[in-house]
Amino acid sequence: MTIIAKFEIHYSQFLDPHGKGVQPLPEFARDPRNLIPLYRWMVMMRAYDAKAIALQRTGQLGTFASLLGHEAVQAGVGSAMAKDDVFLMTYRENGVQMIRGVTLKELFLYWSGDERGSDYAVPRGDFPICITIAAHITHAVGVAYAMKLRREPRVAVCALGDGATSKGDFYEGLNAAGTWKLPVVFVVANNQWAISVPRRIQTAAQTLAQKAVAAGFEGVQVDGNDVIAVRHAMDQALAKARAGGGPTLIEALTYRLSDHTTADDATRYRSPDEVAEAWKLEPIARLRTHLTDRGAWDKAKEDALLRECNEQVQAAAQACLDTPQPAAGNMFDHLYAMLPAALAKQRAAALGDG
Amino acid sequence: MTIIAKFEIHYSQFLDPHGKGVQPLPEFARDPRNLIPLYRWMVMMRAYDAKAIALQRTGQLGTFASLLGHEAVQAGVGSAMAKDDVFLMTYRENGVQMIRGVTLKELFLYWSGDERGSDYAVPRGDFPICITIAAHITHAVGVAYAMKLRREPRVAVCALGDGATSKGDFYEGLNAAGTWKLPVVFVVANNQWAISVPRRIQTAAQTLAQKAVAAGFEGVQVDGNDVIAVRHAMDQALAKARAGGGPTLIEALTYRLSDHTTADDATRYRSPDEVAEAWKLEPIARLRTHLTDRGAWDKAKEDALLRECNEQVQAAAQACLDTPQPAAGNMFDHLYAMLPAALAKQRAAALGDG
Amino acid sequence: MAQITLVEAINLALKREMENDPDVVVLGEDVGVDGGVFRATLGLTERYGPERVIDTPLAEALIAGMAIGMAAEGLKPVAEIQFSGFAYATLDQILNHAGRMRHRSRGRLSCPMVLRMPCGGGIHAPEHHSESPEAMFAHIPGIRVVYPSSPRRAYGLLLAAIRDPDPVVFLEPTRLYRLFREEVADDGQALALDACFTLREGSDATLVSWGPMVPETLAAADELAEQGIAAEVIDVATLKPLDMDTVLASVARTGRCVIVTEAPRTCSFASEIAAGLAEEGLLNLLAPVQRVTAYDVVVPLSRLERHYLPGKARIVAAAKKALAFA
Amino acid sequence: MAQITLVEAINLALKREMENDPDVVVLGEDVGVDGGVFRATLGLTERYGPERVIDTPLAEALIAGMAIGMAAEGLKPVAEIQFSGFAYATLDQILNHAGRMRHRSRGRLSCPMVLRMPCGGGIHAPEHHSESPEAMFAHIPGIRVVYPSSPRRAYGLLLAAIRDPDPVVFLEPTRLYRLFREEVADDGQALALDACFTLREGSDATLVSWGPMVPETLAAADELAEQGIAAEVIDVATLKPLDMDTVLASVARTGRCVIVTEAPRTCSFASEIAAGLAEEGLLNLLAPVQRVTAYDVVVPLSRLERHYLPGKARIVAAAKKALAFA
Ligand SMILES: Cc1ncc(C[n+]2csc(CCOP(=O)(O)OP(=O)(O)O)c2C)c(N)n1
Ligand SMILES: Cc1ncc(C[n+]2csc(CCOP(=O)(O)OP(=O)(O)O)c2C)c(N)n1
Ligand SMILES: [Mg+2]
Ligand SMILES: [Mg+2]
């Protein structure tokens, strides 16, 4: 028996749950002022999230998927990307979308059951929400292939959950991305749960990062509640991809602090203790402590920020609620570039029907 | 950065291409007489294969997928399995089937385009040929789940090719098998080609064995032209599975010495040199040399064996050709346990039509 | 006898058959402790344990393929796909393997599995949660396709599906899950598969539907009755194999037929029934067949859903159009 | 102008459009050096290199999904599925994503891709190599489904499909690949999509078909002509969106219609056309519509294939049955 291949999976964390550095910070984090924009986005995400849940509870939005607990992953991912990179996502990455330029009103519109919410004014090239788990991973491969074919220094960034790593599309996509050394970064937000199914039921693999071994490229694990770790891993993966070094899989360890969606009741399948423990690791307090310790943040700034976020969120929610219903003909209008004759008849019937 | 997981992939070979031992032989191979049945099967496979191709060339069989070069993998797999294990296969494992008890006549019947060829008298529980690549891997998971649920010391053995390892079903199956620690052995006959697509285009992974890392269980690589290495890896994997130790992936390195099928012309996409090199590694000569060197085989035995194999193959081919065509009603007769009324009408129409 | 909802009837049938037959296992995403996102499998884990009530990894092709393997090995798997919008990934397995195992092996192996899934719209859910894939499944040889429309029929048909020796795709109308209650005796009696149910007799027109559109069709019949029009209402229930004889016999009496489905029109199951009438019932037709279907568009998100789903008004209008022919 | 086969016409259209438009890329299993198992992509790698003519790993969902991503990024991928029996794994991507990208994003993104695949039986191939999945694709909103039946139409329709700004599933009749030759001018002229072709005019009956059954249908028309019966023959060519008007107009003249497909009957595309007649053409029908289809069984292996595939005799018999009605 000879050993013909060896693999190691690395884990990285910069800030511990108490906001203390556990190793020298990467370049961008040395000046705490660079971290403030990330902190502001994270707070905004939480304000948005709370509002969306409140709107859903009062019947003003449809089912909503909270991002509570994912703020660091999303701030790290969104802030690292370049404008003309392409982001492909599931339903839980509204925070990344905000940073990319999607407006809060667009987000609320989408969740209110209006396709117009996906017609982002900015970023025009990002993909709409992909509800079918893992399908968008193969789309990311196609996007990255196009970028590589055209010799563009752009990267496709594809976000997914721990549950998604069990699906064939995930593997087919990773494997192909490895084969062609495509400029794509896969970010798994391992929040420990796929609805009621815990991480251990998804796979016997010790880490999700090691899934990349099967595809012949690098997988790394980071503390997903540490925005510095996420951002640093993203920076490295994006730089590698732009330089022709191919794909990276980043497993960001975090926790879904909310129910799966507003249609779910997580108390059915997980203990309050587990959730309480997870709250001790959540990403915002940790970063606030860190910034405060380094003199870059204080109570006054915090209060102002909260006020600002709540105002923006409130205004966006109102703008969504004020948006007139789409017309019935709308369901025909973007199906094809030109409405085929056979459908024009159906459209007329639908309008008569209105 | 800390290392949180480490993996090693092992390779094993006992006989080199010249039939020389490269390490101490495993227990079962110490007495060369134990290897003679394996040798006999391998020669039978080659005789069968040659006949099938001849029949196809003269229009007496349909498209046929040759197993030339795969004899050691198949003898190792087939001989290691217990009677009431279940074998799940693609189109290229007729050699394993023979050892399992499928008759040569049944095999020829199948390739002649007759479903009755899959109604094996023995082994009743083995799966019929699965043409859709990798679909049977998830079936194997279900079979193994049933075995485990019933606390039976049985194992599902699932054969596949290098091409199959790119398909989502492969990964979904492996991942689930790992999760439940199922009694299943996956054997990848890595023959370097998937029709015209070379192994390097399937994946950037250095080995196919490491695909198991993504599923959290052991993957090993063996010299698939060395029947002792294959058999030994199978013995270990089967014992582990029976003892509740879960799945194993065995990558057996071999070479497809033939065209993909009789409908293919491999000279279009690979060089004669490559094929000539591969012939130097083929499994039968190597084992014959080994047996001869150890005084367990000679020319007279060889001649007798060839005669015997050719006679059996000839008789089976004749029996296939003598089999009357199935009746037209046949296509309705095994669709449901009881023919539904709606189909009974169609059946009557088809017979009127006959 | 308890008054129960359709989803409770599904749950009851599952319990009954897991109790009756140790070979019955349930598998799918979140079917265990959570009891399924609609609670169809509630309480099964507590009673039968996680080995027989299996939370699978998130992988629909696996769920279908694994069920096939289990079934060929002699278990009777009842697999759940969380929403039919995620079931397209199972089509390969259902068409290429479940429907062929018996045929391919000449009856040596078989595939007694059930693939359950919630279908249809009207619950204001996100994208992909309102699909009506029945026609695609009904096109597949070697399987049965069942789509109940009431608690009692759900109970009896699911028992029949689990006991059937061949694969059954069992579609469940999501918006009827809790819409109304019915008395359901937990007597273990299966209903016959491959047979339509005539829910109401009438001589003026035949309304044919299945699954989620049946209550709406009954409501349309009520409205027609108020206007003095006696509509016969047929619940197809088993789409494949189709009991076309019941439809033909009804239309032979009424001469008029309205077929109602919420799937997009082209190649829908409404087309199949209309084709059967054009072929075998033409001489009895007094008016063109009317298909009341969804449009050939993507199911819109919830804001436009009510414009998409056919409702009572469209059914009544179609029936009256048919009756306008002399 | 060269006399070429259907598969050569496909190849010609691919070359023409790769030459015209640098955004066109070809991908699939064995499409590179091998030129595809039927040689449809022969010579493309030599001309356009392996970056634009992409041998993919063996993964059909990937092929479809990747094409969607490429198309949304502005490429025009032409993806090949080696046989339609392996295309069911793409349904999830085609239905849930290709057909919805434009709709979902309100036109911000689109999906100008083509998914090509050989379809149909009659080549004595192994299991899964003789499938006719057209009805499943035709049920999907937001896509086009095209199925040519001659070299000239294959060339013109494939050009149209590649240039179309929306996803097109392009089905190719395997057994016609080399059955006959036709003069095809490589003039870069696309044919109109969404339109039927009337291949032969006749006043006694309308025979409707598409793809592989068209030659057989024409042969049936010949035989009917010998018997003094003038059959009109329509090649549907684009199944979705369907040009039903051409069929209705023909049947308005002939009063009789035979629809021919080799797919299993239930929920076939023949049912769709029959339904359209029952709904919009009923008053013109002088006889029941006749569907000549395969049975609702699994395509048998080659020994029984000739009993499975509908042939000239069944088409002629159906036409005469229709004509027997007074
Ligand atoms: C293909 C598919 N199957 C099932 C579902 C239903 N579903 C929605 S979310 C979810 C769990 C996803 O878990 P994970 O990937 O961990 O993401 P998370 O929700 O935790 O962010 C499931 C099963 C789906 N949307 N798509
Ligand atoms: C799902 C699926 N896709 C495509 C094919 C067509 N096909 C048949 S064999 C083959 C290559 C398989 O290669 P591999 O798995 O290495 O097995 P080998 O033929 O080398 O034994 C392909 C692409 C198929 N049978 N099934
Ligand atoms: Mg999760
Ligand atoms: Mg191979």
Side-chain angles (χ1 to χ4, degrees), chain A residues 1-14 22-23 134 137-138 165-182 197 199-222 229 232-233 246-247 249 251 253, chain B residues 1-14 22-23 134 137-138 165-182 197 199-222 229 232-233 246-247 249 251 253:
Chain A
M1 294 253 260
T2 43
I3 294 169
I4 46 162
K6 282 191 178 193
F7 309 95
E8 288 175 351
I9 305 296
H10 297 251
Y11 170 82
S12 85
Q13 184 194 52
F14 291 93
V22 294
Q23 59 165 317
I137 297 170
T138 59
T165 66
S166 295
K167 185 91 181 153
D169 292 7
F170 163 77
Y171 171 73
E172 290 190 2
L174 257 69
N175 187 55
T179 302
W180 294 307
K181 269 200 157 192
L182 297 181
V197 179
R199 153 70 181 78
R200 110 194 101 72
I201 289 185
Q202 292 297 339
T203 185
Q206 301 154 251
T207 68
L208 301 180
Q210 78 202 50
K211 305 260 172 188
V213 169
F217 61 84
E218 192 192 9
V220 298
Q221 195 185 63
V222 302
H232 184 59
L249 176 72
E251 176 189 8
L253 289 174
Chain B
M1 294 253 260
T2 44
I3 294 169
I4 46 161
K6 282 190 175 194
F7 309 95
E8 288 175 350
I9 305 297
H10 298 252
Y11 170 83
S12 85
Q13 183 194 51
F14 292 93
V22 296
Q23 60 165 318
I137 297 170
T138 59
T165 66
S166 296
K167 184 89 183 154
D169 292 6
F170 163 77
Y171 171 73
E172 290 190 3
L174 256 68
N175 187 54
T179 302
W180 295 307
K181 269 200 158 195
L182 297 181
V197 179
R199 153 68 181 78
R200 109 194 101 72
I201 289 184
Q202 291 297 339
T203 185
Q206 303 155 249
T207 68
L208 301 180
Q210 80 201 50
K211 304 260 172 187
V213 169
F217 61 83
E218 193 192 7
V220 299
Q221 195 185 63
V222 302
H232 184 59
L249 176 72
E251 175 188 8
L253 289 174

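Letters A, B, ... are given to chains in the order of the sequence lines, protein chains preceding strands, and every chain is numbered from 1. What you see is a predicted model, and the numbers here were worked out from it, not measured in a lab.
- In this structure, the side chains of B/Tyr171 and B/Ile137 stay at 4.5 Å or more apart for every pair of heavy atoms.
- The backbone N or O of A/Val213 lies less than 3.5 Å from a partner atom in the side chain of B/Gln210, making a donor-acceptor pair.
- The contact between A/Thr207 and chain B is made entirely by side chain atoms (from C-beta outward), counting heavy-atom distances below 4.5 Å.
- Counting heavy-atom pairs closer than 4.5 Å to chain B, the top-ranked of the candidates A/Thr203, A/Asp169, A/Ile201 is A/Thr203.
- Going from atom CG of A/Asn175 over to atom OG1 of A/Thr138 covers 13.0 Å, rounded to the nearest 0.5 Å.
- With a 4.5 Å cut-off on non-hydrogen atoms, A/Glu172 touches chain B through its backbone and its side chain both.
- The part of A/Gln202 that comes within reach of chain B is its backbone (N, CA, C, O), which places non-hydrogen atoms under 4.5 angstrom from that chain.
- The choice from B/Trp180, B/Phe217, B/Tyr11 that makes the most heavy-atom pairs within less than 4.5 Å of chain A is B/Tyr11.
- Between A/Gln13 and A/Val22, the closest heavy-atom pair is O-CG2, 3.2 Å.
- Of the listed residues (A/Ala5, A/Ala205, A/Gly178), the greatest number of heavy-atom pairs within a distance under 4.5 Å of chain B belongs to A/Ala5.
- With a threshold of 4.5 angstrom between heavy atoms, A/Gln23 approaches chain B through side-chain atoms but not through N, CA, C or O.
- Heavy-atom distances place the backbone of B/Ala215, and not its side chain, under 4.5 Å from chain A.
- Residue contact with chain B, scored on non-hydrogen atoms closer than 4.5 Å, involves the backbone and the side chain of A/Lys167 alike.
- Formation of a donor-acceptor pair under 3.5 Å by the B/Lys211 side chain with backbone atoms of A/Ala214 is found in this model.
- Considering B/Ile9, B/Thr165, B/Leu249, B/Leu253 as possible partners of B/Leu208, the one that fulfils the side-chain contact (heavy atoms from CB on, under 4.5 Å) test is B/Thr165.
- Between A/His232 and A/Phe14, the angle of the ring planes goes over 60°, which puts this pair in the perpendicular group of the 30/60° scheme.
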